[in-house]
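Structure first, then comments.
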Amino acid sequence: YLSGLTIYPWRILIHLSKNHQITVLTFNHKKNKKEELKIKNLKILYLPYLFRLSKGFISPQSLVYFSKEIKKADLVFFNQPNVEGLPLMILAKIFRKKTLSLLHCFLSGKKNWLDYIIINLANKILKIQLFLSDKIIAYTKNYLESFAIYKKIKNKVVFTLPPIKKLSVDKKFFQKLKKQKGKNVWIGFSGRIAQEKGIEYLIKSIKLLTFNISRLFLIFAGPYGENVSGEESYYLKIKKMLDDEKINYRFLGNLNEKQLGAFYKAIDVLILPSVNSTEAFGMVQAEAMLLGTPVIASNLPGVKIPISLTKMGEVIEPKNEKQLSLAISKILKNRKKYTNKNLVKKAQKIFDIKKVYKFYDNLASHIHPNSTEAVKKRLAQQSKYD
């Protein structure tokens, strides 16, 4: 299951595992059984559960494993949003363990009454965990201050950008893509094919372009269909729209990091037409920028930040296919304005992963009962990307 919710903590924990012993408590979407793995320096413990509900797990038996692991821990790191972690958070407070929450986003997007109930319940449980957390990490103040809860938790929130790599490029795969592309225009999308991504508005915008679209292709990189939990029907809807509108397209599926780097280099522009607050930043934007590809993204809290920092793209209102169409034309006609050596160097300085790792090293070292006010001030000063 690939998304920022899994990729960000994976990179952070792999880095922290160089100096810390880390056990990851999680669930397996494909196999319902207890399983223990060792990946690099991480101990991964898959927990059993009674049943799945939407994208979550109902697991009373996890309390046994939570109780066992909490006694050995000095710090409990919560990957938010989650529902399953609430009992662990309560146990952490009972055993007086320090707690740290990495907040990716709040949930949104309601398809039906059941989704409405689940999402509202999940957000309430998330807020309880945030109130109980000793420290909260978020990507941008711009995103978090758009929620009323920020005023109540702001004294324990620190900000840092996500850990974004400058991807290497698979040269053979790049040449393959360039050969397939020929003289056509490739508009790229990178991410899960999921409802909050707003791909239907991208499709509608293509039909509004004033130039001949017979040489234009939509190229999708990332998991789709049954490979995205709870989103198979949305993928089928998108595929039908593409076929009905006779738009050229390709789904490349999951790509490794070097193949994804080749994808960013091959496309002419990357588009992130997200529609709700489940999207809080959009790491694919920064990945594309680091390889010199301009971006169009929705004017949503957090999501608009990469473009505002680098000036390597255009921001459009969500669900506005007309604005999106105009932005595509604008970038394709004047691409050098949005990508050049100076802009790429600026992006590389802004999204320097070493700064992010240093932030987490300091945070992990100083979250303990004897933390001084001076340490807290230093942590707050490290995040200047508000």
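Counting from 1, the numbers follow the sequence of the chain as shown.
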Quick one: do the [X] and [Y] side chains pair a donor with an acceptor below 3.5 Å?
X	Y	value
Q129	Q80	yes
H15	D361	yes
E36	Y46	no
S133	S101	yes
E232	Y224	no

According to the interplanar angle, ranging from 0 to 90°, do the rings of F147 and F106 count as parallel (below 30°), tilted (30 to 60°) or perpendicular (above 60°)?
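Plane angle between 30° and 60°, so tilted.
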H104 and Y8 aromatic ring geometry - parallel, tilted or perpendicular at 30°/60° bounds:
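Rings of Y8 and H104: parallel, under 30°.
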May I ask you to decide if [Y]'s main-chain N or O and [X]'s side chain share a donor-acceptor pair within less than 3.5 Å?
X	Y	answer
N123	L107	yes
K165	I353	no
K156	L130	yes
S17	H20	no
N32	Y49	yes
T339	K336	no
R335	D268	yes
E145	N142	no
S59	P48	yes
K181	A266	yes

Looking at [atom1] of [X] and [atom2] of [Y], how far apart are the two atoms once the value is rounded to the nearest 0.5 Å?
X	Y	atom1	atom2	answer
K311	L309	NZ	CG	7.5 Å
N184	W186	CG	CH2	8.5 Å
I219	I267	CD1	CD1	9.0 Å
I271	I199	CD1	CD1	11.0 Å
L144	I136	CG	CD1	7.5 Å
D74	K97	CG	NZ	6.0 Å

Side chains of [X] and [Y] in contact at under 4.5 Å (non-hydrogen atoms):
X	Y	result
Y201	N320	no
I331	E314	yes
I14	L42	yes

Can you check side-chain contact (heavy atoms from CB on, under 4.5 Å) on R250 and Q180, steps first, answer last?
CA-CA 11 Å; R250 280 187 189 152; Q180 292 174 350; 3.2 Å; yes
If every non-hydrogen atom of [X] is compared with every non-hydrogen atom of [Y], which pair is closest and at what distance?
X	Y	value
I164	R11	CA-NH1, 3.8 Å
A288	L270	CB-CD2, 3.8 Å
V275	Q195	CG2-O, 4.0 Å
V76	L88	CG1-CD2, 3.9 Å
I206	I213	O-CG2, 3.8 Å
I328	S205	CD1-OG, 3.8 Å

Checking salt bridge (charged side-chain N to carboxylate O under 4.0 Å, His left out) for the pair E231/R192: CA distance, chi angles, key distance, verdict?
CA-CA 9 Å; E231 298 288 354; R192 297 173 298 119; 5.1 Å; no
Going only through I, L, V, M, F, W and Y residues with side-chain contacts under 4.5 Å, is there a path from [X] to [Y]?
X	Y	result
M283	L252	yes
L208	V269	no
L45	F77	no
L100	I70	no
L16	L75	yes

Crowded around [X] [atom1]? As in, over 12 foreign heavy atoms under 6.0 Å?
X	atom1	value
K207	NZ	yes
K341	NZ	no
Q348	CD	yes
K176	NZ	no
K330	NZ	no
K346	NZ	yes
K258	NZ	no
K151	NZ	no

Salt bridge K204-E200, side-chain N to carboxylate O under 4.0 Å:
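So K204 does not pair with E200 through a salt bridge.
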Would you call K239-D244 a salt bridge at under 4.0 Å N-O?
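No.
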For a quick test of your reading: what N or O donor-acceptor pairs under 3.5 Å do the side chains of residues 298-307 make, sequence neighbours left out?
| residue | atom | partner | partner atom | Å |
| --- | --- | --- | --- | --- |
| S298 | OG | S274 | N | 3.2 |
| S298 | OG | S274 | O | 2.7 |
| N299 | ND2 | E317 | OE2 | 2.7 |

For L103, run the side chain to side chain contact (heavy atoms under 4.5 Å, CB included) check against L126, I137, V157 and tell me which one passes.
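Of the listed residues L126, I137, V157, the side chain to side chain contact (heavy atoms under 4.5 Å, CB included) partner of L103 is L126.
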Between [X] and [Y], is the ring centroid distance below 6.0 Å?
X	Y	value
Y249	F251	yes
F173	F263	no
F57	H29	yes

Using the rule given for side-chain hydrogen bond (donor to acceptor under 3.5 Å, both in side chains), can you reason through S190 versus Y264, listing the C-alpha separation, both sets of side-chain angles and the distance that settles it, and then say yes or no?
CA-CA 9 Å; S190 179; Y264 289 132; 3.2 Å; yes
